[in-house]
Undergrad: 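Following this message is one structure expressed as structure tokens.
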Amino acid sequence: MSKIADYLNQSAVENVKQAIAKARQNESYHALLSLTETRALERAAKVDNGLIGGRLKGVPFVVKDNFLAFGAPTTAASKMLENFNAPLQATAVEKLEAEGAICIGKANLDAFAHGGSTENSAFGPTKNAFDQTRVAGGSSGGSAVVTALDIVPFALGSDTGGSIREPASFNGVYGIKPSYGTVSRYGVVAMASSTDTIGCFTTNAADAELVMSIMSGRDPKDMTTLPDFFAPTAVKPSQRIGLVKDFMSEGVEPEVRDRTNEYVAKLRAAGHTVEEVELPMAKYALAVYYIVVPAEVSSNLARYDGVRYGHRAEAVKTLAELYGRSRDEGFVTENKRRIMIGSYVLSSGFFDAYYLQAQKARTLLVNEFDQLFTDYDALIGPVAPMPAFALGANTADPIKMYLADIMTVPASLAGLPAISVPAGKTSAGLPVGVQLIGKRRADAQLLALAKSLECDEVKN
Ligand code: GLN
């Protein structure tokens with residue numbers, strides 16, 4: 001049941017005005033950092049006058065504020081880029097605009113996408129769409145919440161280790177993290193280049209198919225993009241699906257396991273075979289991720305030195321003080337923690353013991369996945385061990401926060417497509433998502449599977 005379709009035959013100016021009015025009514029969630037109202041209305045008038053058309057003609061959408069986009073600053077939710085106006089737009093945004101879509105605002109995130117709750121935003125956290133005392137999830141929390149609140153029919157996010165899937169699960173919407181290289185990363189603020197992916201939030205699988213088919217494809221500006229392969233497809237009957245046992249342990253809240261088992265029952269009822277499978281390397285995935293990713297973060301964030309662009313400290317006397325104070329003032333604590341860990345694991349004395357070892361373990365994890373995919377079409381498990389947690393519950397302890405990523409980082413390290421599908425709620429009314437993981441480049445097959453099982457009760 002496409003929601004995008006509802007927007008296509010209406011006035012674009014009306015679509016934009018309604019989306020912006022709804023965004024203003026819902027300011028208390030703090031899902032958006034800025035509105036791009038003037039530019040959006042200008043583009044909408046062009047759509048209504050027949051100057052812009054396409055498959056997303058007049059459809060409003062929101063981008064996570066780490067996508068370079070015109071009409072408002074691109075802050076990455078950091079003081080470092082607070083006043084940064086993008087000189088160009090991300091390829092993903094350009095492709096959507098070429099089909100007539102209209103960006104109405106920029107969504108909150110953990111600063112530089114470092115986090116799993118959106119509490120690391122330098123501008124304050126986003127609140128969960130179902131319970132304002134709880135987190136939105138992260139790092140793409142704002143994008144998930146604007147989709148869940150029906151402000152726009154789709155929103156863009158980035159997923160490096162779970163940042164689309166986890167907030168999708170916490171807010172009861174669909175979230176797709178495609179195969180690494182499916183969508184160009186050009187014009188998106190880099191976090192960890194070997195696992196960064198671009199995807200979207202929607203309220204149904206058909207809309208995700210449409211948005212992904214537009215955004216995906218080879219981009220000469222990003223040499224890691226894959227040749228075009230994403231094409232919506234029919235669901236393959238009688239699939240073999242592996243339920244990842246390692247993701248169903250005691251550490252996962254019982255109601256999350258219950259919702260997962262119910263989804264498994266639906267798969268079986270639809271004629272698929274589901275069997276328990278083991279992924280022993282999964283227990284090392286979090287450790288590997290929190291070495292590899294900070295290493296890449298420390299390299300990618302080195303460009304913010306107060307000299308070229310971004311925040312510059314005032315009244316400094318030496319070059320060292322300029323670098324130091326600019327970075328101290330521009331980054332949040334979590335950014336600094338990752339820069340320090342990354343620099344440490346890459347330093348000459350520790351490179352072999354940490355970084356190299358982590359990359360070897362990563363290869364073993366990739367091999368385990370590849371082995372499973374010789375027998376199975378897809379894997380299933382929860383997205384996160386728990387539903388949305390209370391605001392502030394994990395902020396004092398970074399390890400506790402990182403543990404929420406335990407089931408999303410494996411697919412990221414292996415570059416596999418994975419989607420978060422709404423699977424119902426807990427008894428307290430909090431949404432729970434299940435995660436479907438596919439073979440590399442099986443993105444459209446995963447969405448087709450999710451679409452074939454879609455039913456109304458999981459929507460809010
Ligand atoms: N929560 C994970 C982290 O903190 C994922 C972040 C992301 O995917 N951008 O690294």
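This chain uses plain numbering: 1 for the first residue, then up along the sequence. Indexing begins at 1, ligand by ligand and atom by atom, following the structure's order.
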Undergrad: Applying salt bridge (charged side-chain N to carboxylate O under 4.0 Å, His left out) to D219 and R185, what does each step give before you reach the verdict?
TA: CA-CA 9 Å; D219 179 9; R185 294 179 287 116; over 6 Å; no

Undergrad: Under 3.5 Å, side-chain donor or acceptor atoms of residues 278-291 against the rest of the protein: list the pairs with distances, not counting sequence neighbours.
TA:
residue	atom	partner	partner atom	Å
E278	OE2	K245	NZ	3.3
K283	NZ	P280	O	3.1
Y290	OH	D405	OD2	2.5

Undergrad: Could you pull out every donor-acceptor pair under 3.5 Å between side chains of residues 77-88 and any protein atom, sequence neighbours left out?
TA:
residue	atom	partner	partner atom	Å
S78	OG	T75	O	2.8
S78	OG	M80	N	3.4
S78	OG	L81	N	3.2

Undergrad: Would you check if there is a donor-acceptor pair between the side chains of T197 and D159 at a distance under 3.5 Å?
TA: no

Undergrad: Compile the protein residues with any heavy atom at a distance under 4.0 Å from an atom of ligand 1; present them by chain, then by number.
TA: A113, G115, G116, S139, D159, T160, G161, G162, S163, M191, Y289, Y290, R338, D405

Undergrad: Under the rule for salt bridge (charged side-chain N to carboxylate O under 4.0 Å, His left out), what residues qualify as partners of R325, not counting sequence neighbours?
TA: E321, E329

Undergrad: Any donor-acceptor pair under 3.5 Å linking the side-chain atoms of D131 with those of N128?
TA: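 No, D131 and N128 have no side-chain donor paired with an acceptor closer than 3.5 Å.
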
